[in-house]
Number of protein chains: 2
Amino acid sequence: MTDALSRAFSALADPTRRDMVARLTEGDQTLSELAEPYDVSLQAVSKHLKVLETAGLVTRSREAQRRPVHLEADVFDLMTKWIERYRDRAEARYQRLDAVLARLEDLDPDAPHDTHEGAAS
Amino acid sequence: MTDALSRAFSALADPTRRDMVARLTEGDQTLSELAEPYDVSLQAVSKHLKVLETAGLVTRSREAQRRPVHLEADVFDLMTKWIERYRDRAEARYQRLDAVLARLEDLDPDAPHDTHEGAAS
DNA sequence: CTTGAAGTCAACCGCACGGTTGACCAAGGA
DNA sequence: TCCTTGGTCAACCGTGCGGTTGACTTCAAG
């Protein structure tokens with residue numbers, strides 16, 4: 001799991017970590033604040049935090065003995081960019097496919113049907 | 001790992017699987033076609049495929065003894081929706097935070113800063 | 001009916017992950 | 001100075017994952 005994208009997706013593959021991210025949109029929080037709702041040890045939450053941190057989804061500052069956790073938007077952008085790149089290409093291809101199928105149907109009425117919403121460009 | 005979002009993120013956390021998705025945007029492919037570029041056994045690729053399938057990122061049809069793999073866009077949308085929801089809220093909050101900090105500094109440079117609990121607009 | 005191609009199923013292996021407990025450190029406040 | 005608060009480090013444990021090999025199923029073609 002060497003690359004950034006893998007680390008990011010993997011980090012968000014855990015419901016607890018996604019919940020932590022969700023709650024961090026309300027503002028920076030300390031480890032103990034973050035840990036409070038969950039029924040696990042502080043160390044476990046600390047590990048989750050480290051996963052989010054090495055994925056670049058989160059940063060931590062120093063402030064006396066507290067280490068507030070701060071959400072970082074950049075890697076999220078990286079992920080959406082990746083997803084949307086392929087999602088869009090897929091959609092585009094299917095629209096082309098629909099066109100091809102429509103043409104085939106014109107030529108050959110016995111062509112096997114496929115349920116798809118219309119794309120009639 | 002019960003929920004759909006976890007399955008989806010987890011599925012894309014693997015570089016090989018992401019590559020398979022990328023290549024599927026070029027069109028439906030069979031298992032053996034998909035497996036060809038990778039230096040692993042066919043069974044390994046079959047497992048990867050099953051992960052993508054149970055995550056709903058991909059579907060497979062029957063066509064004689066071939067089982068072409070087909071990219072499905074919906075779950076990708078689900079993921080981007082989740083990500084963007086929190087990314088946007090984070091961005092918005094930081095803008096509010098900046099405003100708050102600026103005002104605090106104006107009023108009282110020694111203000112004991114209390115992390116979180118700002119909000120409420 | 002046999003052969004071959006495309007895939008699946010099952011068992012196994014090494015390793016990383018999520019969780020635990022226990023010891024430890026660092027910074028304030030009494 | 002001592003103790004509490006906030007957090008880390010280290011070792012361990014069970015489970016799941018990515019990978020392997022080997023046997024099996026299915027279907028089409030000879």
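Source: prediction; values computed, not measured.
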Of the listed nucleotides ([options]), which one gets closest to any side-chain atom of [X]?
X: B:L31; options: D:dG7, C:dC9, C:dT8; answer: C:dT8
X: A:K47; options: C:dG18, D:dG18, C:dG7; answer: C:dG18
X: B:S32; options: C:dA6, C:dG19, D:dT8; answer: C:dA6
X: B:R67; options: D:dT20, C:dG7, D:dG7; answer: C:dG7

Salt bridge between A:D3 and B:R18, side-chain N to carboxylate O under 4.0 Å? yes

C:dA27 phosphate, OP1 or OP2, under 4.0 Å from A:R66 side-chain N/O: no

At less than 4.0 Å, is any side-chain N or O atom of B:S46 found next to OP1 or OP2 of C:dG7? Yes or no. no

Mind checking A:S41 for me? I need base, sugar-phosphate or nothing, with any heavy atom below 4.0 Å counting as a touch. base

Within the 4.0 Å heavy-atom criterion, would you say A:T16 contacts the bases, only the backbone, or no part of the nucleic acid? nothing

Which pairs would a plain distance check flag for residues 41-51 of chain B, meaning a side-chain donor or acceptor within less than 3.5 Å of a matching protein atom at least two apart in sequence or in another chain?
from	atom 1	to	atom 2	distance (Å)
B:S41	OG	B:A44	N	3.2
B:H48	ND1	B:R17	NH1	3.1

Whole-Å distance separating the CD atom of B:E33 from the C1' atom of C:dA6: 11 Å

Rounded to whole Å, how long is the line connecting atom CG of B:L42 with atom P of D:dT21? 12 Å

Decide yes or no for B:E33 and B:P68: does some side-chain heavy atom of the first lie under 4.5 Å from some side-chain heavy atom of the second? no

Name the residue closer to the 5' end of DNA chain D, choosing between B:Q43 and B:H48 according to the nucleotide with the nearest heavy atom. B:H48

